[in-house]
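We name chains A, B, ... by the order of the sequence lines, and we start the count at 1 in each one.
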Protein chains: 2
Amino acid sequence: MEIDAILDRFHLLPPHSKAALKAHISEVQYPKGQTIIRAGRAEKTLYFIQSGIVRAYSDGERGDVTFWFGQEGDVVISMKSYVSGQPGYEHIETLEPCQLYQMKAQDLESLFTTDIHIANWGRKLIGQEMIKTEERLISMQFKTAQERYLDLMSATPGLLQRVQLCHIASFLGITQVSLSRIRAEIR
Amino acid sequence: MEIDAILDRFHLLPPHSKAALKAHISEVQYPKGQTIIRAGRAEKTLYFIQSGIVRAYSDGERGDVTFWFGQEGDVVISMKSYVSGQPGYEHIETLEPCQLYQMKAQDLESLFTTDIHIANWGRKLIGQEMIKTEERLISMQFKTAQERYLDLMSATPGLLQRVQLCHIASFLGITQVSLSRIRAEIR
DNA sequence: CTTCTTATTTATCATTTGTAAAATTTTTTC
DNA sequence: GAAAAAATTTTACAAATGATAAATAAGAAG
């Protein structure tokens, strides 16, 4: 997905503002298995995914927990760093070779203070992420694991071919054994 | 909590911008049990809580599900309406008599397009809500119901005296029976 | 193609959580 | 303060999920 289309996903920008944004964006490529954002530090870079797939996860007592998958067109940020400049709690790693657009958080931060269109673009960006997160929270609260699996299947069917089932299970909040049972039941 | 302190929670505003915001804010009082935001419509008003407590919930197959409590100093909005102008999926009702500050979403929307400080204030506001939601999502995914209950107890101990246990149970993603079992175990 | 490694499924049993109904406690109303 | 209503807890049983280990399948390396 090209950078123009990605930027337009959140909020249409006047040409001048869009150019100002793009002036700070460059391309970068990472192999599979690369950690691009680490928990415990204030991340200085944010990314947009041109191609490839990534996952965000946190360390828990019972192993790591995947709570987000990013695909073509998605924004990759440490939310806490982006919002508050504080160290974040998530690791983000590539699950495939990834072609990314990158931007320094500091550059975006200064654009926010000087360009009102970009400030509103940033507001919309986080708003859209917020809606998705809230919808997932609600589905975790009042859907069964099987319903959540079926939802994921219909929302992003390709994901299952590209991501290991242990990550899918973790994302759904269940063990891999439970996921296998659900898959067996549906067949 | 006074309106100045509430507005300052998100981002410090220059006096002129703060005054512009406050010019659109008025006070309103609702009795207990009043629904102030309804699912399925684009909500035109947002609120800040001076005193009282509210809950946000969605209708599910197995009854309604509480996914947020708002207390003194919190913002009350239909996220989807605030972000996209689309109809939201949550109801919000007062659980106590509430003293609220209210503002028309349309007024805020126009301030966003004319005052860059307010645009950034709105960006920070949603960012802080985002962090909270993400933290809750992660805790739903990798903590047990008992851990989530203990977390809630230590984070907002007063809540338990003010809110019915059926809402707490729903918020934790468990049944009221399970919550009773957890409470019995801890005692 | 065969071997080695990794990923996934299956099986078994223990634990947790849900459902439904009854019992108890607390709150409200008169 | 007694009666009624509402909220909470308890009980008994069913269903779902977790933990562990073994079996199978799929993929990578030579």
Side-chain angles (χ1 to χ4, degrees), chain A residues 31-34 53 55 57 59-67 69 93-97 137-153 157-187, chain B residues 31-34 53 55 57 59-67 69 93-97 137-153 157-187:
Chain A
K32 175 176 174 171
Q34 182 97 6
I53 196 163
R55 74 169 181 127
Y57 64 100
D59 303 311
E61 286 173 25
R62 291 168 281 275
D64 64 39
V65 180
T66 300
F67 62 92
F69 293 110
E93 69 169 9
T94 57
L95 298 177
E96 288 178 357
L137 175 61
I138 294 173
S139 97
M140 285 296 288
Q141 265 183 265
F142 69 126
K143 291 193 174 177
T144 64
Q146 177 165 335
E147 286 170 329
R148 295 200 299 275
Y149 175 72
L150 292 171
D151 285 355
L152 186 68
M153 287 250 299
L159 204 71
L160 294 165
Q161 274 70 55
R162 296 167 71 184
V163 172
Q164 286 187 16
L165 288 180
C166 60
H167 295 144
I168 302 276
S170 162
F171 177 83
L172 295 173
I174 56 179
T175 61
Q176 191 172 342
V177 176
S178 276
L179 179 55
S180 268
R181 276 194 279 244
I182 287 168
R183 285 160 61 87
E185 227 173 280
I186 287 166
R187 242 182 293 122
Chain B
K32 175 177 176 173
Q34 183 97 7
I53 197 163
R55 74 171 181 124
Y57 64 100
D59 302 312
E61 286 173 23
R62 290 169 282 274
D64 63 40
V65 180
T66 299
F67 62 92
F69 293 109
E93 68 169 10
T94 58
L95 297 177
E96 289 177 357
L137 175 61
I138 294 173
S139 97
M140 285 295 289
Q141 265 183 267
F142 69 128
K143 291 193 174 177
T144 63
Q146 177 164 335
E147 287 169 328
R148 295 200 299 276
Y149 175 72
L150 292 172
D151 285 354
L152 187 68
M153 287 249 299
L159 205 71
L160 293 164
Q161 273 69 55
R162 296 166 72 185
V163 171
Q164 287 187 15
L165 289 179
C166 60
H167 296 142
I168 302 276
S170 163
F171 178 84
L172 295 172
I174 56 179
T175 61
Q176 192 173 343
V177 175
S178 277
L179 179 55
S180 267
R181 277 193 278 242
I182 288 168
R183 285 160 60 87
E185 228 172 277
I186 288 167
R187 241 181 294 124

Measure the distance from [atom1] on [X] to [atom2] on [N] and round it to the nearest whole Å.
X: R162(A); N: dG27(D); atom1: CZ; atom2: P; answer: 16 Å
X: M140(B); N: dT17(D); atom1: CE; atom2: P; answer: 13 Å
X: Q141(B); N: dT17(D); atom1: CD; atom2: P; answer: 15 Å
X: R148(B); N: dT16(C); atom1: CZ; atom2: P; answer: 14 Å
X: I174(B); N: dA15(D); atom1: CD1; atom2: C1'; answer: 17 Å
X: I182(A); N: dT8(C); atom1: CD1; atom2: C1'; answer: 15 Å
X: L160(A); N: dA7(C); atom1: CG; atom2: C1'; answer: 15 Å
X: L172(A); N: dT8(C); atom1: CG; atom2: C1'; answer: 16 Å

Closest to the [X] side chain: [options]?
X: S178(A); options: dT17(D), dT8(D), dT10(D); value: dT17(D)
X: R181(A); options: dG18(C), dT9(C), dT17(D); value: dT17(D)
X: Q176(B); options: dG18(C), dG18(D), dT9(D); value: dT9(D)
X: Q164(A); options: dT8(C), dT17(C), dT20(D); value: dT8(C)

Backbone of [Y] reached by a side-chain donor or acceptor of [X] within 3.5 Å:
X: Q141(A); Y: F171(B); answer: yes
X: S170(A); Y: T66(A); answer: yes
X: Q34(A); Y: P31(A); answer: no

- L179(B) near the nucleic acid: base, sugar-phosphate alone, or nothing, with a heavy-atom cut-off under 4.0 Å?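 Result for L179(B) = nothing.
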
- Item | side-chain hydrogen bond (donor to acceptor under 3.5 Å, both in side chains) partners of R183(B), counting only residues at least two apart |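 Counting only residues at least two positions away or on another chain, R183(B) forms a side-chain hydrogen bond (donor to acceptor under 3.5 Å, both in side chains) with Y149(B).
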
With respect to the phosphate group of [N], does any side-chain polar atom (N or O) of [X] fall under 4.0 Å of OP1 or OP2?
X: S180(B); N: dT9(D); answer: yes
X: R183(B); N: dT9(D); answer: yes
X: T175(A); N: dG18(D); answer: yes

- Heavy-atom pair of closest approach, residues I182(B) and I174(B):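 Between these two residues, the closest heavy atoms are CD1-CD1, 3.9 Å.
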
